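Reading through the structure tokens given below for one structure.
Chain letters run A, B, ... following the sequence lines, proteins first and then strands; every chain starts at 1. Only a predicted model underlies this, so the values are computations on that prediction, with no experimental measurement involved.
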Amino acid sequence: MAGSAEDWAVLDGHAAEAAPRLLGSLVVHEHPVEGRVAIRLTEVEAYQGPEDPGSHAHRGRTDRNRVMFGPPGHLYVYRIYGMHDCANIVCSPEGVGAGVLLRAGDVVEGLELARSRRPGARDRDLARGPARLARALGLDRSHGGTDLRVGPVTLHLADAPAGPVRTGPRVGLRLAADYPWRFWVDGDPTVSPYRPAAPKRRRP
DNA sequence: CTACCGATATTCT
DNA sequence: GAATATCGGTAGA
């Protein structure tokens with residue numbers, strides 16, 4: 001496993017400081033029968049517990065978010081809009097609920113397998129968006145709570161991102177949309193397109 | 001490339 | 001009962 005103990009300490013502080021450090025890092029899922037897919041992260045978002053109205057952890061511990069209140073360096077997977085799963089890395093000391101959402105990346109190993117999991121998608125779209133990334137990697141809610149030092153899902157921290165890092169508002173949030181806690185590698189084609197939060201639907 | 005729209009069920013009030 | 005850390009299709013510039 002790459003990354004010294006000192007490197008992993010970055011996951012034990014504030015999510016907004018850990019997030020840019022995750023860019024360029026590798027997330028690997030070794031599936032027992034299907035095989036291995038590795039993704040180099042190009043876009044992430046920080047969600048910092050109680051001080052962040054946009055975080056699932058803002059109102060305290062629940063059944064869904066309890067993993068975020070556990071030890072850092074574990075996987076938090078949630079379902080959104082009733083159909084998609086998205087993966088986060090817990091980035092806070094035990095007892096504090098915070099994490100970093102894996103928004104996009106580049107498939108650097110297991111291209112064939114990733115393609116088979118995302119039929120019809122162009123290669124650069126395989127992991128372009130949080131639910132797409134989770135799907136290309138073969139992740140679902142059953143992987144919630146995975147220790148990323150142990151597997152089958154592992155994190156390999158990079159020394160530095162593959163290019164200059166940019167910062168801006170997060171995607172799809174109505175609450176706290178102005179927090180500049182989205183981080184991405186500037187100019188990378190796998191970074192997801194920006195979409196503002198869906199406006200409140202008119203009542204019938 | 002951007003913009004809009006509908007599908008979907010889990011989660012929390 | 002309402003909201004949602006999204007995506008794929010279609011339309012248009």
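Among residue pairs with one or both ends in residues 15-25 of chain A, none qualify as side-chain hydrogen bond (donor to acceptor under 3.5 Å, both in side chains); sequence neighbours excluded. Within the structure, ring-ring contact (aromatic ring centres under 6.0 Å, His included) pairs that include any residue of residues 37-59 of chain A comprise His56(A)-Tyr78(A) (at least two apart or interchain). Identified under the ring-ring contact (aromatic ring centres under 6.0 Å, His included) test for residues 116-145 of chain A, with sequence neighbours left out: His29(A)-His143(A). For residues 91-130 of chain A, no pair satisfies ring-ring contact (aromatic ring centres under 6.0 Å, His included), with sequence neighbours left out.
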Could you pull out all donor-acceptor pairs under 3.5 Å where a side-chain atom in residues 86-93 of chain A meets a protein atom, sequence neighbours excluded?
unit_1: Asn88(A); atom_1: ND2; unit_2: Tyr76(A); atom_2: O; d: 3.3
unit_1: Ser92(A); atom_1: OG; unit_2: Val96(A); atom_2: O; d: 2.5
unit_1: Ser92(A); atom_1: OG; unit_2: Ala98(A); atom_2: N; d: 3.1
unit_1: Ser92(A); atom_1: OG; unit_2: Ala98(A); atom_2: O; d: 3.3

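The side chain of Arg174(A) lies closest to dA3(C), out of dC1(B), dA3(C), dT6(C). Listed nucleotides dT11(B), dT6(C), dC1(B) differ in distance to Val171(A); the shortest reach to its side chain belongs to dT6(C). The listed nucleotides are dA7(B), dT4(C), dC7(C); the one nearest the side chain of Ile80(A) is dT4(C). In the set dC7(C), dA5(C), dT10(B), the nucleotide with an atom closest to the side chain of Arg79(A) is dT10(B).
When the C1' atom of dT11(B) is taken as reference, atom CG of Asp85(A) falls 14 Å away, rounded to whole Å. Regarding Gln48(A), its CD atom lies at a distance of 17 Å from the P atom of dA5(C), rounded to whole Å. Nucleotide dA5(C) holds its C1' atom 14 Å from the CG atom of Leu133(A), rounded to whole Å. The interatomic distance linking Tyr194(A) (OH) with dC4(B) (P) rounds to 14 Å, in whole Å. Here the P atom of nucleotide dT6(C) and the CD atom of Glu43(A) are 10 Å apart, to the nearest Å. The CG atom of Asp125(A) sits 11 Å away from the P atom of dC7(C) (whole-angstrom rounding). Between the OH atom of Tyr81(A) and the P atom of dT6(C) there is a distance of 6 Å, rounded to whole Å.
The residue Arg141(A) sits close only to the backbone: its heavy atoms come under 4.0 Å of sugar-phosphate atoms, none of a base.
Residue Val33(A) belongs to no hydrophobic cluster, having no ILVMFWY side-chain heavy atom closer than 4.5 Å to its own. Side-chain heavy-atom separations under 4.5 angstrom define the hydrophobic clusters, and the remaining members of the one that includes Val191(A) are Trp184(A).
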Scan nucleotides 8-13 of chain C nucleotide by nucleotide, 5' to 3', and note B when protein non-hydrogen atoms come under 4.0 Å of the base, S if they reach only the sugar-phosphate, - if neither. B-----

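Proximity of Leu41(A) to Leu133(A): side-chain heavy atoms (C-beta onward) are separated by under 4.5 Å at one or more points. For the pair Val67(A) and Leu75(A), the minimum side-chain heavy-atom distance is 4.5 Å or more.
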Secondary structure of DNA chain B per the Watson-Crick/G-U criterion (both distances under 3.5 Å; [ ] crossing, | other strand, . unpaired) is |||||||.||||.

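A stacking contact between Tyr78(A) and dA5(C) is absent: the pair does not combine a ring-centre distance of less than 5.5 Å to the base's six-membered ring with planes differing by less than 30°.
By the salt bridge (charged side-chain N to carboxylate O under 4.0 Å, His left out) test, Glu109(A) is found to be paired with Arg36(A), residues two or more places apart in sequence or in another chain being considered. Here His84(A) pairs with nothing under the side-chain hydrogen bond (donor to acceptor under 3.5 Å, both in side chains) rule; sequence neighbours left out.
Within residues 51-77 of chain A, the residues approached by DNA chain B to less than 4.0 Å at the level of any non-hydrogen atom are Arg59(A), Thr62(A), Arg64(A), in residue-number order.
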